[in-house]
Amino acid sequence: MEEVKALGIDVGSTTVKLTAVDAQGKLIWHHLEGADPRVEDQVDHFFNLMREHGFDGKELPMVATGYGRNLVEQAEKKVTEITCHATGVYNQLGHGGTLVDIGGQDSKVIIIGENSQVVDFAMNDKCAAGTGRFLENTAGRLRVPLDRMGVEALSAAEEVAISSTCTVFAESEIISMIAHGVEVNPILKGLHRSLILRIVAMIRSVGLVPPLMLSGGVVKNPAIREMITQELGEQVTMPEYPQLMGAYGAALIALKNSNRA
Amino acid sequence: MELPAIPNRIETITAFKQNSGMIAAVLPIHYPRSLFRAFDVLPVEVWGPPGTDVSHGGAHLQPYVCSIVHNALSFLKKGGLDLADFIAVPHTCDSLQGFGSILLDFVKPKQSIFPLYLPRGNRPEDLRFLTEEFRQLYRHLSGLTGKKPSEEILLRCIRREEKADDLLRQLYEKRQKVSLSNYSFYHLVRTREYLPAETFISIAEKVLSRKGFDNPKGTAIILSGIVPEPMEVLTTITELGAAVVADDLACCGRRLYASGKSEQPFRRMAERILNAPPDPTRGNSLEERKQYLLRLADQTDARGVVFYDVKFCEPELFDLPRLRAKLKAAGLPSVQIEIDLNDPLSNQIVTRIGAFLEILG
Ligand code: SF4
């Protein structure tokens, strides 16, 4: 493995991601696991992992991002997920545009300028509507594995309208549909549509600047990609590791800061 | 630097009543303080208050009414306004207009209710209307208190409020030099919501006479919206590396009333309110608001505006998309935050403000 020069950690609400970059800013190592409420313990465990992989993280510049960023004492700087995602995606894809990041418990739309700077952004409100949690909750109710949801939804010829964007209300709506004998896949398709319409409203609130880019764990779901394209009439592009872009951006900022020092 | 000792709302109300004064609980935003004081009535403003159990008033209000009105009604119903002798409800917006009607028609509190109609413009007929509205309020207060303060007393009270407002303006002008944190500055400024003018004057004079002022550190921003609650947001802004160098808040900067000109007291009170900085609840146009914010930014070197609004605030939110677009086109970036008075400062809000400051660089 090339020599690690900087680290980025994204302490999200559902997962924690750590990335390592070399002197050129290439992503050379990463680790992802479910979020532990004891953030400090989890970070210690990450440092042990790094040692096992042959490098000492404590000696390296590190930037933290994500909702738990302020709990990462070892990080020399804390930067918001907005700036980190923009930095990460810009470096991976090489251009600006509109980035839609759909995470487990929050989603955001970021307009990235020609020099990777954030021009504007919108974030979902504090509820789970418009986030991965919306699908996760309802998937549980329908007994469909999360990683099959998108494929199943796309396979449905019919689609039922889910009027609720609220996770809790959507769940009751689904229960009543099942009770009325509605098939699972059309419900799934309607659920994806409901989430996408929420995201599209957020995109419109800041104004779409093509090209459209996607990141976040949820965009691995093919129905999300296809429906966003349908709604906006824009093709989407994705980085190789959509879930790591916050942590990768953080590592790039740490690298840049250390070069400047 | 610390603030001088400042009495809180309850201490102020108790002391005022002990001197045989009366209390008017006043809802936001504009009203003539001096008119109440001429009757020995202290106006104490009710901006919610934050963190109220809203179950007491919830049955009377739609869920899409803002938390200022929800909280005020619940606060009243559970006895929070019992110390007040009167309740004044300016017709600031549909929500407060509804609040006034609910009090008059259904809740019927023991206190007398004064609705206060405000014109939506600054034309000669608006001035005539508001002058007449204040005469009407005078008659109302006179009937309830049995007092008939003379024109001379009215003018004396107006001049005292004008002095307090002039000191308030000086605090704003010197805020970049006054070594008070964002939090302490707004703690001081917001005492205008309940302190008698004379108490505010003595505190403001002490602060303004201090020597050895520092310049503020961090990215300069303007705070716009209704009310900076929870006040902790001001400390967070400091921690994120920014300084609030000016504001366009309904409870603060939009009430930097200049002195009136007329020697006729009711007209002078009306002039003061109508000539206040632009405010959507008084019908100012988007262009006036834009120009005002750009001028503020120019005068204070502010790099951006944080619109910090109460959720469901119709006068604010109606203007906001177009106002923000106009400011953006003029080179002044902004971010929009929506709050509920009963929620703690959320991580999302901190991230939004933090990300906006990162954009400003
Ligand atoms: S927050 Fe807005 S809607 Fe609520 S009382 Fe104030 S002006 Fe009216």
*How far apart are the C-alpha atoms of Ile82(A) and Arg352(B), what are their side-chain angles, what is the distance that settles it, and do they pass the side-chain contact (heavy atoms from CB on, under 4.5 Å) test?*
CA-CA 8 Å; Ile82(A) 306 288; Arg352(B) 272 174 221 206; over 6 Å; no
How about [X] and [Y]: do any of their side-chain heavy atoms sit closer than 4.5 Å?
X: Ile349(B); Y: Met123(A); result: no
X: Leu240(B); Y: Lys78(A); result: no
X: Val79(A); Y: Glu358(B); result: yes

*Heavy atoms only: give me the nearest Thr80(A)-Gly354(B) pair and the separation to one decimal.*
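What the structure gives for the nearest pair is CG2-C, 3.6 Å.
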Neighbour count >12 (heavy atoms, 6.0 Å) for atom [atom1], [X]:
X: Lys290(B); atom1: NZ; result: yes
X: Lys77(A); atom1: NZ; result: no
X: Gln62(B); atom1: CD; result: yes
X: Arg322(B); atom1: CZ; result: no

*Identify which part of Phe121(A) has an atom lying under 4.5 Å from any heavy atom of chain B, answering side chain, backbone, both or neither.*
side chain
*asked:* Listing request: all salt bridge (charged side-chain N to carboxylate O under 4.0 Å, His left out) pairs with a residue in residues 52-64 of chain B, at least two apart in sequence or in separate chains.
replied: none
*In terms of heavy-atom pairs under 4.5 Å with chain A, which of Thr351(B), Val335(B), Val350(B) leads?*
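Of the options given, most contacts go to Thr351(B).
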*Not counting sequence neighbours, which residues clear side chain to side chain contact (heavy atoms under 4.5 Å, CB included) with Glu231(A)? List them please.*
Arg193(A), Ile196(A), Leu197(A), Val200(A)
*To the nearest 0.5 Å, what is the distance between CG (Asp120(A)) and CZ (Phe356(B))?*
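If we round to the nearest 0.5 Å, Asp120(A):CG and Phe356(B):CZ are 9.0 Å apart.
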